[in-house]
Amino acid sequence: MAANETVPDTGEFWIFGYGSLIWKPPPHYDRRVPGWVTGYVRRFWQASQDHRGTPEAPGRVVTLIERTFWASLADAHDTAPERVWGTAYRIRADRVAEVREYLDIREINGYSIHHAPFHPADGSPSIRTLVYIGTPDNDQFTGPQDPQALAEHISASEGPSGLNRDYLLGLEAALNELSPDSGDAHVTDLSDRLREVERSRRGEDKVVDHAEHPASHEFRKVSSVDEQEETEKV
């Protein structure tokens, strides 16, 4: 199904995460469902000044690009899976107003609020989900980048939420854990390049996925919007 398909609004409030939200969920949810959206391509084409970089030296995080627009661009990663895997979270009914207000007033570092049909991996009916997307017209959108230069940039970047390389490797690990089919070649290639960059930099035969300040890839539930302030929005 395409990204613009119509899914009935059941009155439930769901959020789709396709980046760090896969393992760092939003507050006040009562269901977590793995699955995918279609009609989009996931790319590390969004600058991050507030989480994985700084205003002076922005890091790079993922956004979604409409597949029809992406197809018109010159991308070194010239293929992309039809399905963008991630997780959907249903917010508790008694907390919807609180979380919706919190989300609606925050347009985080170029991300804006959209809605997309989400397809649960278990084959249950599609769900209308809220999703943060850094669209091409936001000033943090970088567009296509050379994969090697991008991997080197990620390796060198750090922000208030931690090392940029931990975000990349965390996403790779989280995607691989969702399903045998949930990997993303763009993410995997950047991760492989980053490991090689670090191997060369250190002159070692091996590079472990977790450096001196390892990122936790364990699923972590937060309990309040205050705690969520430190959690990235995609």
Side-chain angles (χ1 to χ4, degrees), residues 17-25 41-65 70 73-77 80 84 86 106-112 131-176 183-204 206-218 220 227-234:
Y18 57 90
S20 62
L21 278 184
I22 297 174
W23 75 93
K24 294 169 65 178
V41 173
R42 174 173 29 218
R43 288 292 183 263
F44 268 83
W45 292 358
Q46 183 77 359
S48 176
Q49 300 180 353
D50 58 347
H51 283 291
R52 300 295 170 163
T54 65
E56 297 75 24
R60 296 290 184 270
V61 290
V62 289
T63 187
L64 297 182
I65 300 100
W70 169 79
L73 303 175
D75 185 359
H77 289 153
V84 177
R106 291 179 65 91
E107 190 171 289
I108 307 299
N109 200 204
Y111 286 99
S112 54
V131 57
Y132 276 91
I133 297 176
T135 56
D137 59 353
N138 89 88
D139 61 6
Q140 302 302 315
F141 184 78
T142 67
Q145 299 165 86
D146 173 73
Q148 185 63 28
L150 179 54
E152 293 173 1
H153 186 96
I154 291 171
S155 177
S157 297
E158 182 176 4
S161 292
L163 299 173
N164 203 173
R165 54 96 66 196
D166 287 347
Y167 175 99
L168 169 58
L169 296 177
L171 179 55
E172 180 193 37
L175 286 173
N176 289 338
D184 187 316
H186 172 74
V187 175
T188 299
D189 181 62
L190 289 177
S191 297
D192 289 343
R193 290 174 184 271
L194 180 141
R195 283 185 281 262
E196 182 60 32
V197 166
E198 296 184 345
R199 179 160 46 240
S200 298
R201 182 179 299 152
R202 295 203 294 264
E204 297 176 355
K206 289 186 178 180
V207 171
V208 295
D209 278 359
H210 305 292
E212 182 179 359
H213 304 288
S216 172
H217 301 151
E218 294 183 1
R220 184 176 67 86
E227 187 177 355
Q228 176 69 4
E229 288 288 345
E230 297 304 319
T231 301
E232 291 134 311
K233 296 298 183 288
V234 300

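Checking R60 against Q145 by side-chain atom types alone, a donor-acceptor pair falls below 3.5 Å. For the 3.5 Å distance criterion, the side chains of R201 and S155 qualify, holding a donor opposite an acceptor.
Taking each heavy atom of A174 and I22 in turn, the nearest pair found is CB-CG2, 3.7 Å. In plain terms, the two heavy atoms of P58 and A47 that are nearest each other are CB-CB, 3.9 Å. Considering all non-hydrogen atoms of both residues, P144 and A74 come closest at CB-O, 3.4 Å. The two residues V41 and A80 make their nearest non-hydrogen contact at CG1-CB, 3.7 Å. For R43 against H77, the heavy-atom pair with the smallest separation is NH2-O, 3.0 Å.
Formation of a donor-acceptor pair under 3.5 Å by the Y167 side chain with backbone atoms of V62 is found in this model. For the pair T142 (side chain) and W45 (backbone), a donor-acceptor distance under 3.5 Å is present. Between the side chain of N176 and the main chain of A173, no donor-acceptor pair closer than 3.5 Å is present. A donor-acceptor pair is defined here as one N or O able to donate and one able to accept, closer than 3.5 Å; no such pair exists between the side chain of D189 and the backbone of A185.
A 4.5 Å side-chain heavy-atom check between L190 and R165 finds every atom pair outside the cut-off. Proximity of L150 to I154: side-chain heavy atoms (C-beta onward) are separated by under 4.5 Å at one or more points. The closest side-chain heavy-atom distance from N164 to E158 is not below 4.5 Å. Annotation: side chain of V187 is in contact with side chain of F44 (closest heavy-atom distance under 4.5 Å). For the pair L169 and R195, the minimum side-chain heavy-atom distance is below 4.5 Å.
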### Worked verdict on R199 versus E196 for salt bridge (charged side-chain N to carboxylate O under 4.0 Å, His left out)
CA-CA 5 Å; R199 179 160 46 240; E196 182 60 32; 2.5 Å; yes
### Query
Could you go step by step and tell me if L64 and Y132 meet the side chain to side chain contact (heavy atoms under 4.5 Å, CB included) rule?
CA-CA 9 Å; L64 297 182; Y132 276 91; over 6 Å; no
### Task
Begin from the C-alpha positions of L168 and L194 and carry the test side chain to side chain contact (heavy atoms under 4.5 Å, CB included) through to its verdict.
CA-CA 9 Å; L168 169 58; L194 180 141; 3.8 Å; yes
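A salt bridge does not link R193 to E152: none of the charged side-chain nitrogens sits closer than 4.0 Å to a carboxylate oxygen. In summary, R52 and D166 do not engage in a salt bridge, as defined by a charged side-chain N under 4.0 Å from a carboxylate O.
Going from atom CD1 of I133 over to atom CG of N138 covers 11.0 Å, rounded to the nearest 0.5 Å. Here the straight-line distance linking atom CD of Q140 with atom CD of Q49 works out to 4.0 Å at 0.5 Å rounding.
A distance of 6.0 Å or more separates the ring centres of F141 and Y111.
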